[in-house]
Protein chains: 2
Amino acid sequence: MRERKIPLNLNCGLDLIGEVLYGKWKMRLLWFISQGHKRPSELQRKIPDASRRVLNVQLKELEEHELICKTIYPVVPPKVEYELTDFGRTLVPVIGALGMWGDEHEGRLRRVIGGTGRAI
Amino acid sequence: MRERKIPLNLNCGLDLIGEVLYGKWKMRLLWFISQGHKRPSELQRKIPDASRRVLNVQLKELEEHELICKTIYPVVPPKVEYELTDFGRTLVPVIGALGMWGDEHEGRLRRVIGGTGRAI
DNA sequence: CAGTATCCGAAGGGATACTG
DNA sequence: CAGTATCCCTTCGGATACTG
């Protein structure tokens, strides 16, 4: 699921969901936000392998796709919070299903993927 | 979900599923195969926007991840069929959930994505 | 019909350094 | 703490032409 800004030949629901989920960290961002981790620094800690820049890019795309909304509090130091929109909340069960499938088949997946990995 | 052959820092089920689903056409390939479209030429017709080369690449990755298996019939002209493995079949309900979500929210998705799209 | 080789442009994403 | 600007490298995926 990547942002193809250009050609867009949407065929079915799988295309459409692909358009909003494609991006290396988007599913996890949505998941962590749904779990109540709202602050950018929190998300950064949850996903240390992502660069801060890319996290911001993908958060902005999720926002443009109306899956999350962003609140900026005019305080010092700056404070920002993300939340799922109602629309975004409808996606949580689907993300959950994806994650559960991954968890249930962790052993086999690690084998076929070939990585060592590490627990969160 | 992209093939990151190199670093692999798997955190949770979402990472793991990402590893096997990342690829522009993989979800649809799995879906169409689950629907009984087994031949490469069939899949190509179903996904005309994908190049033949990339379809083969992604099919091979799905095979390496043991989600599908490939049968080559020693006949002329060549005949090839793909099928889901038992493992791959466990993924079908999840793919279905993704597609259903996309279908249910088609209108809104098309608006936020900004594409015109076309039906399959 | 099925598959591969080569070439290439375009995104994606990381590192770093910087501002408010 | 949050965000942006550059720079750069890698990968993805499309086009084309070719072989069995």
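Everything numeric in this text was worked out from a predicted model, so none of it was measured. Chain identifiers are assigned alphabetically (A, B, ...) following the order of the sequence lines, protein sequences preceding nucleic acid strands; residue numbering begins at 1 within each chain.
- Salt-bridge annotation for A:Arg108 and B:Glu66: present, with a side-chain N of the basic residue lying under 4.0 Å from a carboxylate O of the acidic one.
- When the C1' atom of C:dG14 is taken as reference, atom CD of A:Gln58 falls 12 Å away, rounded to whole Å.
- Using a 4.0 Å cut-off between a side-chain N of Lys or Arg and a carboxylate O of Asp or Glu, B:Glu42 and B:Lys46 do not qualify as a salt bridge.
- One interatomic measurement links the two molecules: NZ of A:Lys24 to P of C:dA11, which rounds to 19 Å at whole-angstrom precision.
- In this structure, A:Leu84 and A:Leu91 have side chains that are not in contact, with every pair of non-hydrogen atoms separated by 4.5 Å or more.
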Pairs under 3.5 Å (Watson-Crick or G-U), crossing ones as [ ], inter-strand ones as |: DNA chain C comes out as ||||||||||||||||||||
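- A:Phe87 and B:Trp101 have parallel rings, their planes meeting at less than 30° on a 0 to 90° scale where 60° marks the start of perpendicular.
- Look at A:Glu64 and A:Lys60 and you find no salt bridge, because none of the NZ, NE, NH1 or NH2 atoms lies under 4.0 Å from a carboxylate O.
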Contact string for nucleotides 1-8 of chain C, one letter per nucleotide 5' to 3', B = base within protein heavy-atom range under 4.0 Å, S = sugar-phosphate only, - = neither, reads BBSBBB--
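- Partner of B:Trp25 under the side-chain contact (heavy atoms from CB on, under 4.5 Å) criterion, chosen from B:Leu59, B:Val57, B:Leu55, B:Leu43: B:Leu55.
- Residues B:Leu16 and A:His105 are not in side-chain contact: their nearest non-hydrogen atoms beyond the backbone lie 4.5 Å or more apart.
- Remark: A:Glu83 engages A:Lys38 in a salt bridge, criterion side-chain N to carboxylate O under 4.0 Å.
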